[in-house]
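Only one structure is covered here, and it is reproduced in the block below.
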Amino acid sequence: MKRQQPIELFMPPNMLKAKVGGGLGGLDMAAMKRAEAAIDGLKSEFAGWIADDVHALVAARAQYAKAPDAGSRAALLRAAHDIKGQAATFNFPLIARVAASLSRLIGELPPAAALPAGLLDAHAGAIQVIHRQGLQTSDDKTALALCAELDARVDEMLAPRK
Amino acid sequence: MSGYRFDRLKILAVDDNVHMRKLVVTILQAFGVSQIHEAENGERAWAVLREANPDVVVLDWMMPGMSGVDLIRMVRTNPQAPNPFVPVIMLTGHTSMDHVRLARDAGVNEFIAKPVAVKTMMSRLVSVIEHPRPFVRTSAYFGPCRRRRGVEEYRGPERRAEAKHPQAAE
């Protein structure tokens with residue numbers, strides 16, 4: 001018979017509730033409105049922020065080309081992942097989509113497998129083009145076709161490993 | 001109106017990306033949180049945690065050096081952690097089940113999938129205030145209970161001890 005290990009389950013005191021109070025448990029709509037307004041106030045900075053992120057990605061890609069090791073690969077993944085997570089907030093949803101594809105490629109290929117240079121460049125190039133052309137909607141047909149092609153190429157690359 | 005005194009909260013926001021950090025801080029400030037500490041990596045966050053002992057941590061996953069998941073493990077299990085029960089809200093672009101499971105098994109309380117939305121941030125904050133989860137201690141795990149429902153009734157032996165992933169035992 002297998003030996004049973006003990007499990008301890010307990011509820012710590014809810015110090016947070018004691019600190020902030022609030023009896024209704026709902027969302028604070030006024031606070032959310034203030035937050036939406038505050039984000040609107042940041043919008044003038046978004047153009048600079050996305051430019052910084054694209055620049056960081058291009059630099060990380062160049063560094064990986066120069067020295068393709070675990071550190072530069074991790075830095076490239078972080079740069080792609082950052083853009084995936086925030087480009088939509090900065091009003092560039094298609095850049096977020098391309099970055100998601102790039103993140104998937106880098107994240108799902110085993111560390112021992114070399115990253116395909118052509119496909120990395122295609123993603124980095126697509127992000128630069130979408131940024132340069134200021135495509136802030138998700139309905140540009142040419143860009144959508146490009147995104148679909150990149151997705152398909154990544155699928156092909158990852159398929160043998162599934 | 002919810003009546004929460006968010007101004008009494010002390011929150012640590014951890015993200016290596018300065019823009020995402022600014023976005024999170026802006027949202028929290030608009031909620032009324034006045035004590036916000038920032039850290040740009042896991043190592044700095046650990047130092048701030050020990051100095052400031054925040055009430056809530058909003059944490060990015062992917063950072064150079066110590067990752068968000070590494071930091072949560074330290075928060076939950078390192079004897080030098082000031083509060084192993086501190087609620088951790090993980091803000092991440094990772095949304096696959098494998099990633100969610102990994103973070104959950106490290107001891108995360110709540111997730112926010114990027115891109116961050118105001119309503120989700122508020123909802124997760126209210127969740128850690130109103131619906132704290134019980135904590136579980138086993139030989140392989142310490143952290144919030146990873147089951148959402150029915151856990152209060154279970155008082156039996158550790159059933160996952162022979163599980164494939166030892167940290168999943170609870």
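Numbered from 1 within each chain, the chains take letters A, B, ... in sequence-line order.
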Select, from [options], the one with the greatest count of heavy-atom pairs under 4.5 Å involving chain A.
options	result
B/Met62, B/Lys114, B/Arg8	B/Met62
B/Pro64, B/Pro87, B/Ser123, B/Pro132	B/Pro64
B/His94, B/Gln29, B/Lys119	B/His94
B/Val116, B/Thr26, B/Leu9, B/Ile27	B/Thr26

Do [X] and [Y] come close enough that some side-chain heavy atom pair is under 4.5 Å?
X	Y	answer
A/Lys19	B/Arg5	no
B/Lys22	A/Trp49	yes
B/Phe31	A/Asp28	no
B/Val18	A/Asp52	no

Q | A/Met15 side, atom CE; B/Asp55 side, atom CG - distance, nearest 0.5 Å | A | 9.5 Å

Q) Can you tell me how far CD1 of A/Ile7 sits from OH of B/Tyr141, rounded to the nearest 0.5 angstrom? A) 10.5 Å

Q. What orientation do A/Phe10 and B/Phe135 show, parallel under 30°, tilted 30 to 60°, or perpendicular over 60°?
A. tilted

Q | Region of A/Ala30 that comes under 4.5 Å of a non-hydrogen atom in chain B | A | neither

Q.
Donor-acceptor check, side chain of A/Asn14 to backbone of B/Ile129, threshold 3.5 angstrom: yes or no?
A. yes

Q | N/O donor-acceptor pair under 3.5 Å between B/Arg137 side chain and A/Glu8 backbone | A | no

Under 4.5 Å from a heavy atom of chain A, the part of [X] involved:
X	result
B/Asp7	neither
B/Val86	neither
B/Met121	neither

(Q) Give the interface residues of residues 79-89 of chain A toward chain B, defined by a heavy-atom separation under 4.5 Å. (A) A/His81, A/Asp82, A/Lys84, A/Gly85, A/Gln86, A/Ala88, A/Thr89

Q | Neighbour count >12 (heavy atoms, 6.0 Å) for atom CZ, A/Arg153 | A | no

Q: Measure across A/Ala35 and B/Ala30 and return the closest heavy-atom pair with its distance rounded to 0.1 Å.
A: CA-CB, 3.3 Å

Q. Taking all atoms of both residues into account, what is the closest heavy-atom pair of B/Met122 and A/Ala31, and its distance?
A. CE-CB, 3.6 Å

Q) Does B/Val58 share a hydrophobic cluster with A/Ile39, counting links as ILVMFWY side-chain heavy atoms below 4.5 Å and allowing steps through other members? A) yes

Q: Could you state whether B/Val75 and B/Phe142 fall into the same hydrophobic cluster, counting links through intermediate Ile, Leu, Val, Met, Phe, Trp or Tyr residues with side-chain heavy atoms under 4.5 angstrom apart?
A: no

**Q.** Heavy-atom pairs under 4.5 Å with chain B, option from A/Arg78, A/Glu45, A/Met32 with the top count
**A.** A/Arg78

